[in-house]
Number of protein chains: 2
Amino acid sequence: MADINVSAKIAAPGVAERPAGSAASAAGGPEPIWDIIELLFFAYRDFVGDPDEVLSKLGFGRAHHRVLHFVNRNPGMKVADLLDILNITKQSLGRVLKQLVDQGYVLQKEGAQDRRQRLLYATPKGEALSLKLAHLQTQRITRAFGELGPAAHEAARRFLTAMIDTDNREGVLRLIARADRMAKPEPK
Amino acid sequence: MADINVSAKIAAPGVAERPAGSAASAAGGPEPIWDIIELLFFAYRDFVGDPDEVLSKLGFGRAHHRVLHFVNRNPGMKVADLLDILNITKQSLGRVLKQLVDQGYVLQKEGAQDRRQRLLYATPKGEALSLKLAHLQTQRITRAFGELGPAAHEAARRFLTAMIDTDNREGVLRLIARADRMAKPEPK
DNA sequence: ACATTTATGTCAGCCATATTGACATATTTT
DNA sequence: AAAATATGTCAATATGGCTGACATAAATGT
């Protein structure tokens, strides 16, 4: 991880400083909430950084992580569901998914009612990797909550939920709730 | 934005549900904190989605946004500082930075003390774009805080800060704090 | 029964953003 | 004078997005 040591000489004598009433507040409306904007950037960067290290050793990237994660959490999901969640094209998904299938992390099974569908399941190998990555992220979250006290989990959940597009929010919450109830995959 | 409408048939009748003490807690250590892991994914996706739309119309991408953001927030920063923050190589930065310079969003000035340095500044045009993008993100944050009550800002700040790598955290907080001082310089 | 729509896959090519390695130039430091 | 530093650049490569076009099988509607 990069160390953020911007040299103190940035605000060196002679270097232009902004005039008193900054351009933002004077001209362009409400003051940006800089701290949250930047903290989100850094927090997310570190949050995905842990899994990225593990994945790169396997020749995988963040795209594989996302696919494997949602497949593992929602056994039997359709390809189309995954496309909606990830918000990418089927061509993009196809490449990544094929690698996961070929290497035995994900398997596809013909739908029982609708035989056009290729329902997706994580194999034991895939589940193990998914859980390993989730565990890394959970360690970070647990450490953060440990620093913050018992109300932190609920507060974080509420904040993050409120940051989601309002028209998507219900769907996301349903997705999470159902995945929590979801069975272990039984591709029979 | 994609609508998350995973077909309800995933949890089809007859599909087993996870027994109370789930497989993960039985087998593989502590239970992953799925809700925060997934909410972070969706919240961040929407958070960067707003600027992405504006940027794509200008032929820019997320990389340009990051560069412009930090340059605007830290006028006079060195190229090396930017590389540390963004955690990319100078070759990757070079291409993006060149476009921003060529199109008049960023300018480079020779360092006064060290003439090897190319100190980076946002032009008025660059500042305007940066603020426009920050405004979009601020609208989302403001809406979220509005739903959550007055303590939400402090809670979010504490949560996001705690999620950052411990050895990076101080540097990040210093960076944010100094940028805030640059925006509203105290009468010296 | 036939036509249409749906779910998925695939081929081919393009673009954006990242990488590594090697090398160049100017400037500061030793 | 030599070494280290700050930056830039060339060349090649990889990943993960994209669009467009087309193929197949199965479900659905008339």
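The structure presented is a predicted model; accordingly, all values stated were derived computationally and were not measured.
The environment of CD in B/Q91 is crowded: more than 12 heavy-atom neighbours from other residues, nucleotides or ligands sit within 6.0 Å.
Note on ring orientation: taking the six-membered ring where Trp is involved, the planes of A/Y44 and A/F47 are tilted (angle from 30° to 60°).
In this structure, CD of A/Q99 is placed 13 Å from P of D/dA14, rounded to the nearest angstrom. In this structure, the CG atom of B/D52 is 15 Å from the C1' atom of D/dG16, given to the nearest Å. To the nearest angstrom, C1' of C/dA18 lies 15 Å from CZ of A/R45. What separates CD1 of A/I88 from P of D/dG16 is a distance of 10 Å, to the nearest Å. Note: CG (A/L100) to P (D/dT15) measures 13 Å, nearest angstrom. One atom, CG of A/L86, and another, P of C/dT8, lie 14 Å apart when rounded to the nearest Å. In this structure, B/L119 places its CG atom 14 Å from P of C/dT27, rounding to the nearest Å. Rounded to an integer number of Å, the gap from CG of B/L83 to C1' of D/dT7 is 9 Å.
Within the structure, every side-chain polar atom (N or O) of B/T89 is placed at least 4.0 Å from both OP1 and OP2 of C/dA18. Between A/S92 and D/dG16, a side-chain N or O to OP1/OP2 separation shorter than 4.0 Å is absent. For the OP1/OP2 pair of D/dG8 and a distance below 4.0 Å, the side-chain nitrogens and oxygens of B/Q108 include at least one atom meeting the criterion. OP1 and OP2 of D/dT5 both lie 4.0 Å or more from every side-chain N or O belonging to B/R118.
In the interface, the side chain of A/Q91 is paired with the base of D/dG20 through a donor and an acceptor atom under 3.5 Å apart. The base of D/dT5 sits within donor-acceptor range of the side chain of B/R116, with an N or O pair under 3.5 Å. Side-chain N/O atoms of A/R95 and base N/O atoms of D/dG16 include a donor-acceptor pair closer than 3.5 Å.
Heavy-atom distances to DNA chain D give each of A/L93 and A/R115 a nearest nucleotide, and the one nearer the 5′ end belongs to A/L93.
In this structure, B/G94 reaches neither bases nor backbone, as no heavy-atom distance under 4.0 Å exists between it and the strands shown.
Here B/R174 pairs with B/E170 in a salt bridge; the nearest charged N to carboxylate O distance falls below 4.0 Å.
Judged by distance alone, the side chain of B/R169 and the main-chain N or O of B/A162 form a donor-acceptor pair under 3.5 Å.
For the side-chain contact (heavy atoms from CB on, under 4.5 Å) with B/R62, the lone residue among B/V48, B/L55, B/V67, B/V96 that qualifies is B/V48.
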